[in-house]
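Just so you know, residue 1 is the first one in the sequence shown, and it goes up from there.
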Amino acid sequence: MRSLGMLIAALSLALSFQPVQGKEVIAPAAVIDGDTLQLGDQQVRLLGIDAFEGAQELPLKTGGTDFIGRGAAMMLRSLITSQNVRCKLSELADGRGLPLATCYSNSQDLAGAMVANGIALVAQSHASPYLDEQAKAKSEKRGFWRDEVETPWAFRKRRISVAAKAAPNSCPFKGVMLNDRKTLIAPWSPWYAETKVQQARGDRWFCSEKQAVSKGWYEPQWLIESVVSGVYNPGN
């Protein structure tokens, strides 16, 4: 738990914002995970894709493990080659309530590139413009199409189902106060099992991710920071 607290202390994200539908945002971008960006004080989800979750792993036939969620985040960061990213907010929001946006680095559609490289899948929750890119990536066995990989939505559903059995009132999302920061620990977080909800410090349980986000609780930006700093080591 100390490593998570150290990571939260190192972060300085401002997560409260009021998105305007149809608005174009141009700003330096930080990668939250494989399909979510931080643009200044706004957090947005890439329209049309669903990337692997942070704790998602793929056992390799040759031995070892591919940390595919972390790999997706690293790929997204590598695609950002301009100082600023341009995002156009849509009228849609994801399950958390974050606005869905089409984002570009220079002229490259970031979501389209993720799917074309076989690093993300087309979203199931809404119509995706990247079906052709996915079909080609699958036929050419690009990226994770080389292996049989659990989809991110199936991974989330499985993790929620298991966690709900042990959670009060079957509400498995943990809201914990870490360094005076409202931090959401989802069932697919690598810290889920070790994180304890302590009501005395203001922690609470949530029944859904959307409920938590609506109250100002957000998942930590652990993927990229953990790779760079080494704070989080999946082998520990």
**Asked** When hydrophobic residues are tied together by side-chain contacts of less than 4.5 Å, even through go-betweens, does Ile26 share a cluster with Leu110?
**Response** no

One pair to check against side-chain hydrogen bond (donor to acceptor under 3.5 Å, both in side chains): Arg45 and Ser90. What are the steps and the verdict?
CA-CA 10 Å; Arg45 169 86 175 274; Ser90 74; over 6 Å; no

| said: Evaluate Val31 against Ile80 for side-chain contact (heavy atoms from CB on, under 4.5 Å), listing each step before the verdict. | reply: CA-CA 9 Å; Val31 174; Ile80 299 175; 4.0 Å; yes

Output for pair (Cys171 SG, Ile160 CD1), nearest 0.5 Å, gives 11.5 Å

Rounding to 0.5 Å, atoms CD (Gln134) and OG (Ser139) come to a distance of 11.0 Å

Test your reading of the model: is there a side-chain donor-acceptor pair from Asp203 to the backbone of Val197, 3.5 Å cut-off? no

Correct closest heavy-atom pair for Thr36 and Arg96 would be OG1-NH2, 3.2 Å

Polar side chain donor-acceptor pair, Thr151 to Trp153, under 3.5 angstrom: yes

Closest non-hydrogen contact found for Tyr104 with Thr102 is OH-CG2, 3.5 Å

- Message: Please determine whether the number of non-hydrogen atoms from other residues, nucleotides or ligands lying under 6.0 Å from atom CD of Gln83 exceeds 12.
- Response: no

| field | Under 3.5 Å donor-acceptor, Thr195 side chain and Trp191 backbone | value | yes

Residue pair Leu46, Val44: steps toward the side-chain contact (heavy atoms from CB on, under 4.5 Å) verdict: CA-CA 7 Å; Leu46 296 180; Val44 300; 5.5 Å; no

| request: Considering only NZ, NE, NH1 and NH2 on the basic side and carboxylate oxygens on the acidic side, decide whether Arg158 and Glu150 come within less than 4.0 Å. | output: yes

Between Ala51 and Ala72, the two heavy atoms sitting closest are CB-CB, 4.4 Å

Across all chains, not counting sequence neighbours, the salt bridge (charged side-chain N to carboxylate O under 4.0 Å, His left out) partners of Asp109 are none

For residues Phe155 and Trp188, establish whether the separation of their ring centroids is below 6.0 Å.
no

CG (Leu76) and CG (Leu37) are apart, to the nearest 0.5 Å, by 5.0 Å

Do the numbers put Lys215 on top of the ring of Phe206, so that NZ or CZ is under 6.0 Å from the six-membered ring centre and no more than 45° off the axis? no

| field | Validation row: Pro187, Phe173 side chains within 4.5 angstrom (heavy atoms) | value | yes

Minimal heavy-atom distance between Ala164 and Pro172, with the atoms involved, is N-CB, 3.7 Å

Value for CZ (Arg159) from OH (Tyr192), rounded to nearest 0.5 Å, stands at 10.0 Å

task: Check whether any side-chain heavy atom of Lys88 lies under 4.5 Å from a side-chain heavy atom of Lys23, and answer yes or no.
output: no

Show your reasoning for whether salt bridge (Lys or Arg N to Asp or Glu O under 4.0 Å) applies to Glu209 and Arg156.
CA-CA 11 Å; Glu209 193 175 13; Arg156 291 191 296 268; over 6 Å; no

Here the disulfide (SG to SG under 2.5 Å) pairs for residues 43-132, sequence neighbours left out, are Cys87-Cys103

Residues at least two apart in sequence or cross-chain that pass ring pair (Phe, Tyr, Trp, His ring centres under 6.0 Å) with Trp205, listed by chain then number, are none

Sorted by chain and residue number, the side chain to side chain contact (heavy atoms under 4.5 Å, CB included) partners of Asp132 (sequence neighbours excluded) come out as none

Checking Glu53, Glu57, Gln56 against Ile68 for side-chain contact (heavy atoms from CB on, under 4.5 Å), the one that qualifies is Gln56

One should read off an interatomic distance between Leu98 CG and Leu92 CG, to the nearest 0.5 angstrom, of 13.0 Å

query: With no hydrogens and no angle check, is any side-chain donor or acceptor of Ser105 less than 3.5 Å from a backbone partner on Ser82?
result: yes

The reported gap from NZ in Lys182 to CG in Leu178 (rounded to nearest 0.5 angstrom) is 13.5 Å

- Evaluate the criterion side-chain contact (heavy atoms from CB on, under 4.5 Å) for residue pair Gln43 and Ile32; output intermediate values, then yes/no. CA-CA 9 Å; Gln43 192 176 105; Ile32 302 300; 4.0 Å; yes

Are side-chain heavy atoms of Val176 and Gln198 found at a separation under 4.5 Å? no

message = If you apply the rule side-chain contact (heavy atoms from CB on, under 4.5 Å), what do you find for Thr183 with Met177, and how did you get there?
response = CA-CA 6 Å; Thr183 304; Met177 294 298 299; over 6 Å; no

Ser208 side chain to Gln211 backbone, donor-acceptor under 3.5 Å: yes

Donor-acceptor contacts, no H, no angles, side chain residues 111-128, under 3.5 Å, sequence neighbours left out:
residue	atom	partner	partner atom	Å
Asn117	ND2	Ala113	O	2.7
His126	NE2	Gly48	N	3.0
Ser128	OG	Gly48	O	2.7
Ser128	OG	Tyr130	N	3.2

Across all chains, not counting sequence neighbours, the salt bridge (charged side-chain N to carboxylate O under 4.0 Å, His left out) partners of Arg86 are Glu24

